Amino acid sequence: MLILSGDHIYKMDYAKMLKFHRDKKAAATIAVLQVPWEEAHRFGIMNADVNGVIQSFEEKPKEPKSNLASMGIYIFDWKKLRDYMEADDADPNSSNDFGKNIIPAMLNSGEVMVAYPFEGYWRDVGTIQSLWEANMDLLGQKPVLDLDDDSWRIYTRNPVMPPHYVSLTAQVTNSLVSEGAVVEGTVTNSVIFSGARIEKGATVKDSIIFPKAVVGKNVTVEKAIVGENSIVGDYSMVGGPVRPGEKVNNKLTGDITLIGNDVTIPPRAYLAKGAVVNTENPHQPAKEA
């Protein structure tokens, strides 16, 4: 039985992993890859021997002993998985979680569990930083994640819109501009989604503009994410330097400025690096420049 997580971006031939699982006669096989040590605390971490047999597992450890991270891709022997899930469901103290309960229970029972080593592109987009990085990975003459790979086609929802339009006043460099988008300003190193609009005099750099968002006239957007259907009012600054005395709650975003979905930023507003504005929780309301 193959179980996948929904917030990861990768290319994998599951048939190879299934063969590995069968060859090892495993009760469970978990796809793994090495992540930077500074990010290991974000993942389920495996400790495996030279044959790939998992010796221990830690779910998001504060002090990881390994940087071999679970990719959230599992193959189980269905009958065994069912037995462990039924036992877990009957436990009132269980969190009913794969990482916290099912996998440790199988390890403690001595089940054969193996780590399938994966080499290739994979990114967990569970943080604002990783979401931004995944989009930036699409750019360049030789992008890290190549959407134009005939050997491995990637399909997605098609909005069925007219071709994108780049006006005479526009300049577009090293960017992806989706269908239905209109660009009248300057776009550099950015991803512009379908139906988005970059108006005359606007500058968008190192940013993601989601579907049907509008970047108004003479707006500057730097290293930011602008959510779907949002509007950035004319003459605004998004992603500017933090000004003296200004406080920005950037624990969520680092130096990426985030505008949520369906947000309207008033004209001449100023959003510093790392600011967050959304309709449900306005961490950092827009201020006039």
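In this chain, residues are counted from 1 in sequence order. If you're wondering where the values come from, they're calculated on a predicted model, not measured in any experiment.
Counting heavy atoms of neighbouring residues, nucleotides and ligands inside a 6.0 Å radius, atom NZ of Lys65 does not exceed 12 of them.
Pairs engaging residues 239-264 under the ring-ring contact (aromatic ring centres under 6.0 Å, His included) rule: none recorded [sequence neighbours left out]. Contacts classified as salt bridge (charged side-chain N to carboxylate O under 4.0 Å, His left out) and involving residues 94-109 (residues at least two apart or in different chains) are not found. Residue pairs satisfying the ring-ring contact (aromatic ring centres under 6.0 Å, His included) criterion with at least one member in residues 94-113, sequence neighbours excluded, are listed as follows: Tyr74-Phe98, Phe76-Phe98. Among pairs with a residue in residues 162-178, none fulfils salt bridge (charged side-chain N to carboxylate O under 4.0 Å, His left out), at least two apart in sequence or across chains. Sequence neighbours left out, the pairs with a member in residues 178-202 that pass salt bridge (charged side-chain N to carboxylate O under 4.0 Å, His left out) are Glu184-Arg197, Arg197-Glu199. Contacts classified as salt bridge (charged side-chain N to carboxylate O under 4.0 Å, His left out) and involving residues 127-138 (residues at least two apart or in different chains) are given here: Arg123-Glu133, Arg123-Asp137.
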Expected list for residues 20-28: side-chain donor-acceptor pairs under 3.5 angstrom, two or more places apart:
residue: His21; atom: ND1; partner: Thr29; partner atom: OG1; Å: 2.7
residue: His21; atom: NE2; partner: Ala26; partner atom: O; Å: 3.4
residue: Asp23; atom: OD2; partner: Lys19; partner atom: NZ; Å: 2.9
residue: Lys24; atom: NZ; partner: Asn51; partner atom: O; Å: 3.2

For residues 33-47, which side-chain donor-acceptor pairs fall under 3.5 Å, sequence neighbours excluded?
residue: His41; atom: ND1; partner: Glu38; partner atom: O; Å: 3.2
residue: Asn47; atom: ND2; partner: Ser56; partner atom: OG; Å: 2.9

Report all side-chain donor-acceptor pairs from residues 81-88 shorter than 3.5 Å, counting only partners two or more places apart or in another chain.
residue: Tyr84; atom: OH; partner: Ser109; partner atom: OG; Å: 3.3
residue: Tyr84; atom: OH; partner: Glu111; partner atom: OE2; Å: 2.8
residue: Asp88; atom: OD1; partner: Ser94; partner atom: OG; Å: 2.5
residue: Asp88; atom: OD2; partner: Ser94; partner atom: OG; Å: 3.1
residue: Asp88; atom: OD2; partner: Asn96; partner atom: ND2; Å: 2.9

Side-chain donor-acceptor distances from residues 154-165 under 3.5 Å, at least two apart:
residue: Asn158; atom: OD1; partner: Val160; partner atom: N; Å: 2.9
residue: His164; atom: ND1; partner: Val177; partner atom: O; Å: 3.3

Name every donor-acceptor pair, under 3.5 Å, that has one atom in a side chain of residues 209-226 and the other anywhere in the protein, sequence neighbours excluded.
residue: Asn218; atom: ND2; partner: Tyr235; partner atom: OH; Å: 3.4
residue: Lys223; atom: NZ; partner: Asp255; partner atom: OD1; Å: 3.2
residue: Lys223; atom: NZ; partner: Asp255; partner atom: OD2; Å: 2.9

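Between the side chains of Ser5 and Asp7, no donor-acceptor pair of N or O atoms lies under 3.5 Å.
Of the residues Asn135, Asn189, Thr188, the one that meets the side chain to side chain donor-acceptor pair (under 3.5 Å) test with Asp206 is Asn189.
Rounding to the nearest 0.5 Å places CH2 of Trp122 at 6.0 Å from CE of Met71.
Listed by chain and number, the residues in a salt bridge (charged side-chain N to carboxylate O under 4.0 Å, His left out) with Asp150 are Arg153 (sequence neighbours excluded).
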> Does the side chain to side chain contact (heavy atoms under 4.5 Å, CB included) test come out yes or no for Leu131 and Ile256, once each step is laid out?
Replying inline: CA-CA 11 Å; Leu131 172 64; Ile256 299 167; over 6 Å; no

> Do Ile208 and Phe193 pass the side chain to side chain contact (heavy atoms under 4.5 Å, CB included) test, and can you show the C-alpha distance, the side-chain angles, and the key distance before you say yes or no?
Replying inline: CA-CA 8 Å; Ile208 308 165; Phe193 277 75; 3.6 Å; yes

> Would Thr253 and Thr257 count as a side chain to side chain contact (heavy atoms under 4.5 Å, CB included) if you check the C-alpha gap in whole Å, the side-chain angles of each, and the deciding distance to 0.1 Å?
Replying inline: CA-CA 7 Å; Thr253 60; Thr257 306; over 6 Å; no

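Ile73 is listed as a side-chain neighbour of Tyr10, based on a closest heavy-atom distance under 4.5 Å.
Put simply, the side chain of Asn261 gets close to the backbone of Glu228: a donor and an acceptor are under 3.5 Å apart.
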